[in-house]
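Below you'll find the structure, written out as structure tokens, and then a few comments.
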2 protein chains.
Amino acid sequence: MQEANRRSQSTRREATKARLVSAARRLFAEKGFAATSTPEVAAAAGVTRGALYHHFADKTALFRTVVEEEHLILAMSIEAAAGTDEEPGPVKALLQGGDAFLTAMQDPGRRRILLVDAPAVLGRDELDAIDARHSLRTLIEGLGAAMDAKAIRDLPLEPLARLVGAMFDRAAMADEATMPDYRKAMRALVRGLKT
Amino acid sequence: MQEANRRSQSTRREATKARLVSAARRLFAEKGFAATSTPEVAAAAGVTRGALYHHFADKTALFRTVVEEEHLILAMSIEAAAGTDEEPGPVKALLQGGDAFLTAMQDPGRRRILLVDAPAVLGRDELDAIDARHSLRTLIEGLGAAMDAKAIRDLPLEPLARLVGAMFDRAAMADEATMPDYRKAMRALVRGLKT
DNA sequence: TCTTGCATACATGCAGCCTGTATGTTAGAG
DNA sequence: CTCTAACATACAGGCTGCATGTATGCAAGA
């Protein structure tokens, strides 16, 4: 019963944490970080603030966990889309990854959390570090592969990826009506990378 | 004495407001919006919180004023730099404006206020509206002129400007050491706009 | 010109909320 | 049976926004 027992403890722990993170994600998405209070999150998760502060150092730590999760989902979506075809070629993989990013970013709550609140709450440096482990990493890998294949010019990889990422972030904020215009403009800009 | 008297009142008013905005700008720049309290701002300005709330509806309104001022300075710097040469040509004007933007953005406090805190505090929509009246407007005008001169391709103007603006914002976050790499990558991307 | 009444620029005080921590309490694990 | 971990409860401090007080211009009439 050791295993069962130990798991029942850690299961409970993880379940509580998951409920907190889930409730927090919903509230942060709807009302933003500043307008969401910890009593609110705890109530939505069906626990007290004591539980929240038992599992997370502070409100920011809870937000950080939400951000990490969202970034993880994002990176997985991108990689799944970029790796669908058998022999896609690096350029096609990039385009598919970009589409997957824009699709995943259709969720307004995700946009608010990742693009609006996260830089201010976590600070640009920390958010950049998180990004570097997830979405940006996929972009760097994709651009690097394209460079190796001589499909695009040789350029400083991370700065280029950061710039392209910033463009994608901005495009993700566009409403559906103007999205085609953003795509057109992005295509023109990315055109400059071709060898 | 009507004029003198009336001016003495409004002079006092403007002086107090200016001191509040100046103190707020300094504190927001150093510690960010969330970590700056209204007692702190009032003390730094040498008044009480009563004065602050007499002149500004709330803490956010004070921040909004600071943001507007910073954006105004930015737009003026850009336009001054873009309009120096006699017959610059639209492309050269764009390059000079871009340089002026990056130079003005060297101030870390300005970066924090405009690029980190402003989107979260004011919301992306309102900040976009402010931007549209100032820095972004200069970019739209510049790109529009370049399009009219057939120097760059015909593309949806505002989306293009927003994307290029996002690139510049990101480049402005780079430290001095990696700035040349960002410039290289930006040059390549902008290259795609050429006719 | 004097003073009188009002509006405006502030100061002070108050109510409510929120965050983070410190201290209980219960239940599982060894 | 003890001990530790997962919570709940209670508390202290700070902050925001408003409501109320006060004093100083300021304009108009006697």
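Below, read A as the first sequence line, B as the second, and so on, with proteins coming before strands; counting in each chain starts at 1. Just so it is clear, the values below take in all heavy atoms, side chains as well, and ignore hydrogens, waters and symmetry mates. Worth saying up front: this structure is predicted, and the values here are computed from it rather than measured.
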Q. Got a salt bridge between Glu79(B) and Arg137(B), using NZ or NE/NH1/NH2 to carboxylate O under 4.0 Å?
A. yes
Q | Any pair counted as side-chain hydrogen bond (donor to acceptor under 3.5 Å, both in side chains), so long as it reaches residues 115-127 of chain A, sequence neighbours left out | A | Arg64(A)-Glu126(A)
Q. Can you name the side chain to side chain contact (heavy atoms under 4.5 Å, CB included) partners of Thr65(B), sequence neighbours left out?
A. Val21(B), Phe56(B)
**Q.** d(CG, Asp58(A); C1', dT19(C)) in whole Å
**A.** 9 Å
Q | Annotated protein contacts, base or backbone, on nucleotides 3-10 of chain D with a non-hydrogen cut-off under 4.0 Å, one of B, S, - each | A | ---BBBB-
Q. Who are the ring-ring contact (aromatic ring centres under 6.0 Å, His included) partners of Phe101(B), not counting sequence neighbours?
A. Phe168(B)
Do any side-chain atoms of residues 155-164 of chain B form donor-acceptor pairs under 3.5 angstrom with protein atoms, and if so which ones, sequence neighbours left out?
| from | atom 1 | to | atom 2 | distance (Å) |
| --- | --- | --- | --- | --- |
| Glu158(B) | OE2 | Arg162(B) | NE | 3.2 |
| Glu158(B) | OE2 | Arg162(B) | NH2 | 3.2 |

Q.
Suppose clustering is done on Ile, Leu, Val, Met, Phe, Trp and Tyr with side-chain heavy atoms closer than 4.5 Å. Which residues sit in the same group as Leu72(B)?
A. none
(Q) So, using side chain to side chain contact (heavy atoms under 4.5 Å, CB included) as the criterion, who are the partners of Ser37(B) when residues are at least two apart? (A) Pro39(B), Glu40(B)
Q.
Within residues 26-44 of chain A, which residues have any heavy atom lying less than 4.0 Å from an atom of DNA chain D?
A. none
Q | Separation of dT19(C) C1' from Lys59(A) NZ (nearest whole Å) | A | 9 Å
Q. Once you round it to whole Å, what is the distance between P of dC15(D) and OH of Tyr53(B)?
A. 11 Å
Q | Partners meeting side chain to side chain contact (heavy atoms under 4.5 Å, CB included) with Ala82(A) (sequence neighbours left out) | A | Ala93(A)
